[in-house]
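All values below come from the heavy atoms of this structure, side chains included, with hydrogens, waters and symmetry mates left out. Numbered from 1 within each chain, the chains take letters A, B, ... in sequence-line order.
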Amino acid sequence: MTRELPKNFISKDYEGKLYSLWEEAGVFTPEVDKKKQPFTIILPLPNANDPMHIGHAMFVIQDILIRFHIMKGDPTLWLPGSDHAGMETQFVFEKQLAKEGKSRFDYDRETLFKMLAEFVEKNRLINKDQLKKLGFALDWSRYHYSMEPEIVEMVLETFRKLHADDLIYRGERVVHFCTKCGTSFSDLEVVYEDREDKLFYLDYGSVTIATTRPETIFADVAVAINPKNLKAKELLSQKAVVPLITKSILIIEDELVDPDFGTGALKITPGHDAVDFEVGTKHGLETLSVINRFGKMINVPEKYLGMKVLAARDAVVSDLKAGGKLVKEEPLRHSVGTCYRCGTVIEPMVFPQWFITTRPLADKAIETVRNGQTAIFPQKRFEKMYFDWMENIKDWNISRQVVWGPRIPAWYCLDCNDSIQVNFLNKNKEAISGLYKDLKDVHPFEEMKSGLQSLFASKESSYQLQDGACSHCRGKNVLQETDTFDTWFLSGQWPVSTLKSNPGDLEYFYPTSILDTLWDILFFWVGRMMMLGIYLTDKVPFKIVHLHARVVDKHGKKMSKSKGNVIDPLLMVNQYGADSLRLALVMGVGPASDVSLSDEKVRGMRNFTTKLWNIGRFIATSDHELGIPESLNDLTEDDEKIINSLNEQIKSVTAGNECFRFGQSSEDLYRFIWHEFADFYIESSKERIKAGDKVVFSVLNHVFSTCLKLLHPFMPFVTEALWQEMYSENGSLLIKEPWPSIKD
RNA sequence: GGGCGCUUAGCUCAGCGGCAGAGCAUUGCAUUCACAUUGCAGGGGUCACAGGUUCAAAUCCUGUAGCGCCCACCA
């Protein structure tokens with residue numbers, strides 16, 4: 001059979017069709033064979049509301065591994081999904097609401113939740129098509145969405161299990177709070193930025209203190225000095241006086257105070273600073289709050305009441321100045337915590353949140369990496385990061401004051417806890433806020449429940465883990481916690497919950513083989529999966545963590561919308577084909593170093609695609625009996641040489657794929673195919689073809705068909721297209737061909 | 001403050017004990033021939049710097065500088 005191939009490979013004409021061909025043949029859905037060792041990867045689930053960006057294209061590493069293992073004959077599963085991404089999604093949604101002149105406060109939480117669910121539903125499947133465009137061999141029959149009832153139920157079950165094991169508690173601690181987003185965060189979500197601020201020296205009577213936050217002086221409960229500060233020892237018997245309110249406070253000793261900073265005396269404000277809270281707790285001091293969840297002043301002299309923090313700071317400073325209490329001010333460069341999402345300065349505040357006791361979970365997560373049950377790659381660089389984080393981990397605040405996400409399954413009886421603050425929209429859609437005991441005579445319970453926005457329950461509030469009448473007083477006035485789970489609490493269970501939802505999968509495919517992701521979510525996600533995966537199953541969630549490179553622009557700079565240097569993967573796919581983009585992201589890239597991507601680079605890879613196509617075209621048009629030879633005989637020296645070189649490729653590509661050296665193996669293949677096979681062997685074959693040599697065809701077909709197999713994981717479309725044109729028998733697929741081995 | 005990484009051709013980067021490499025860019029020539037999305041040939045490098053180990057160092061060790069990243073309770 002001889003075929004006339006078109007001059008170029010028009011990727012758009014083939015990609016969609018080929019993907020359907022694979023899907024219809026079911027090659028992405030593994031056959032469970034208990035005698036074989038499966039190969040499993042869980043896809044890092046993209047956010048459901050996020051269109052694809054270039055980072056997602058790096059999943060190509062996983063696709064290479066997946067296709068390689070499919071061809072090796074392993075039962076191979078790559079499980080896709082999308083994440084509801086609680087905070088992220090709500091942020092995007094609220095921006096949209098703002099455009100319509102609305103805000104989250106205009107709705108009760110149930111309505112808001114429904115709106116969010118609909119919003120996500122519209123976008124959720126977009127990235128499914130996008131992932132297909134890149135050729136990813138995902139098993140769509142096992143696709144999961146993080147807000148599926150079944151998945152959510154497992155997450156709630158985990159919460160109950162942790163609770164039963166005494167690993168969940170409600171703690172009243174300093175939490176990182178964003179007054180704009182209206183929610184607290186875990187330590188990881190705070191982004192520290194260097195800022196230029198002012199350091200104010202204030203006269204506290206017997207002592208002068210230095211602070212950047214004069215507006216919080218109303219919440220001061222002591223002044224602390226370092227015990228080594230001998231000069232200040234005599235102060236201990238005296239009192240300090242908070243200016244403006246002339247409040248007398250204790251002077252105490254604590255080694256957390258840096259004797260060299262400012263005056264060596266630190267004002268202690270447990271309500272609005274984490275260190276101060278620690279000092280306060282140690283010394284049994286009171287915690288006062290002067291800033292509320294909206295970033296406005298409370299519990300302060302009337303003139304400052306209701307002011308925003310920065311306005312209050314200015315007012316307080318000018319009053320201090322007027323009162324002669326401002327000793328001096330100087331500029332200070334220091335780092336300030338900001339909200340990773342909106343950039344607002346994080347307000348440390350004290351109120352109760354749900355925490356996980358992480359120490360026992362982290363200890364196991366450390367142990368399993370130490371004893372090699374999970375290996376981190378590249379080891380040298382990231383294992384240390386992992387251990388450092390796990391060793392210093394603090395309890396994990398898993399509650400978010402965000403609507404979009406699974407609600408924490410705890411219920412409060414309002415009659416048993418009548419000091420709970422209830423925030424709701426009344427019948428007339430007016431916002432009502434107050435303590436239950438003060439409101440219950442005016443507003444019926446049903447009104448509160450149906451218009452509910454949020455609850456603030458004190459640390460002492462009693463709760464139960466199921467809905468229904470109060471187990472204590474049998475009362476029916478029971479409301480569920482309005483906080484939702486940190487998204488990472490849910491995605492931290494993803495390997496377990498997704499596999500568990502298909503009978504038999506957890507037993508067979510877990511622990512998964514490899515988890516591949518960018519290093520930026522090593523702690524957010526990988527660390528949490530390790531802790532929760534081990535907790536739930538007693539087994540590690542994956543045997544290898546592979547951290548891949550970040551995509552940067554052609555000058556090595558991080559891509560960002562504001563810099564205008566982002567590359568849209570789908571545009572690249574349209575213009576040059578998915579294979580070209582894939583190869584550009586992989587070829588010549590060292591392990592976990594940045595990938596510098598540019599239009600030129602993708603175009604270069606497109607040229608290689610064309611080259612490959614034309615090699616096929618040359619062979620197909622020259623050889624009238626196209627086919628893969630069963631054996632190779634009567635070989636010339638050149639034939640032997642190219643076959644030996646091919647065998648080297650088989651060895652090195654196979655080895656390279658096993659140990660994640662894709663940059664090397666793809667580069668070797670590129671060089672071999674273009675500069676050895678095409679430039680040298682094919683050129684010299686032309687004479688032999690003219691002379692009627694048949695042996696040369698057997699070698700051409702042998703080498704080329706083997707190259708297609710070796711190249712398939714990297715460039716699935718063009719290789720499958722060529723296979724279909726040239727070697728497929730009765731529609732057989734390249735991806736179902738066995739991986740090449742060396743025949744002697 | 002602690003830790004990590006990087007520095008190799010004009011650009012982006014591989015290589016990580018044994019003659020300094022690739023892609024892009026660049027220079028010259030060729031080409032109705034599978035492919036101009038091509039071929040052949042060429043120019044271009046004290047492998048950041050300073051020491052050390054070694055028969056042999058871009059590669060291993062120590063230090064210095066510049067850049068980048070991560071962690072941390074800099075009020």
Taking only N/O atoms, report every protein-nucleotides 8-13 of chain B pair under 3.5 Å with atom names and distance.
unit_1, atom_1, unit_2, atom_2, d
U12(B), O3', S596(A), OG, 3.4
U12(B), O2', S596(A), OG, 2.7
C13(B), O2', G588(A), O, 3.2

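- In the set U37(B), C4(B), C71(B), C4(B) carries the atom at the smallest distance from any side-chain atom of K384(A).
- Taking the side chain of E600(A) as heavy atoms from C-beta on, and the options C24(B), A34(B), U37(B), the nearest nucleotide is C24(B).
- Between E253(A) and K233(A), at least one side-chain nitrogen of the basic residue sits less than 4.0 Å from a carboxylate oxygen of the acidic one, meeting the salt-bridge criterion.
- F218(A) pairs by the ring pair (Phe, Tyr, Trp, His ring centres under 6.0 Å) definition with Y304(A), not counting sequence neighbours.
- Among residue pairs with one or both ends in residues 193-217 of chain A, none qualify as ring-ring contact (aromatic ring centres under 6.0 Å, His included); sequence neighbours excluded.
- Rounding to whole angstrom units, CG of residue D668(A) and P of G23(B) are separated by 13 Å.
- Distances from the side chain of R213(A) to the nucleotides U37(B), A75(B), G3(B) place A75(B) closest.
- Per the geometry, CE belonging to M587(A) stands 6 Å off C1' belonging to G23(B), to the nearest Å.
- In this structure F660(A) satisfies the ring pair (Phe, Tyr, Trp, His ring centres under 6.0 Å) test together with F377(A), H546(A), sequence neighbours excluded.
- For the pair R173(A) and F355(A), the distance from NZ or CZ to the six-membered ring centre is under 6.0 Å and the angle to the ring normal is within 45 degrees.
- Across D197(A), T212(A), D194(A), a single residue satisfies side chain to side chain donor-acceptor pair (under 3.5 Å) together with H334(A), and that is D197(A).
- Nucleotide G3(B) holds its P atom 16 Å from the CZ atom of F523(A), rounded to whole Å.
- Remark: the K611(A) side chain and the T609(A) side chain contain no N/O donor-acceptor pair separated by less than 3.5 Å.
- Counting to the nearest Å, the C1' atom of U37(B) and the CD1 atom of I10(A) are 11 Å from each other.
- Rounding to whole angstrom units, OH of residue Y204(A) and P of A75(B) are separated by 15 Å.
- Geometric assessment of R550(A) against the ring of W519(A) yields a negative cation-pi assignment under the 6.0 Å and 45° thresholds.
- Within residues 679-694 of chain A, the residues that have a heavy atom under 4.0 Å from RNA chain B are, in order of number, D679(A), I682(A), E683(A), K686(A).
- Looking at the side chain of F618(A), the nearest of the listed nucleotides G23(B), A34(B), C69(B) is A34(B).
- Rounded to an integer number of Å, the gap from CG of L522(A) to C1' of G3(B) is 15 Å.
- With a cut-off of 3.5 Å on both pairing distances, the Watson-Crick or G-U wobble partner of C49(B) is G63(B).
- An OP1 or OP2 oxygen of G1(B) is reached within less than 4.0 angstrom by no side-chain nitrogen or oxygen of H334(A).
- For E667(A), counting side-chain heavy atoms from C-beta on, the closest listed nucleotide (U37(B), A14(B), U38(B)) is A14(B).
- In this structure, K611(A) and L256(A) both approach RNA chain B, and ranking their closest nucleotides by distance from the 5' end singles out K611(A).
- In this structure, K394(A) atom NZ and C71(B) atom P are separated by 13 Å, rounded to whole Å.
- A heavy-atom distance below 4.0 Å to RNA chain B is reached by these residues of residues 265-272 of chain A, ordered by number: L266(A).
- A sub-4.0 Å separation between OP1 or OP2 of U37(B) and a side-chain N or O of N614(A) is absent.
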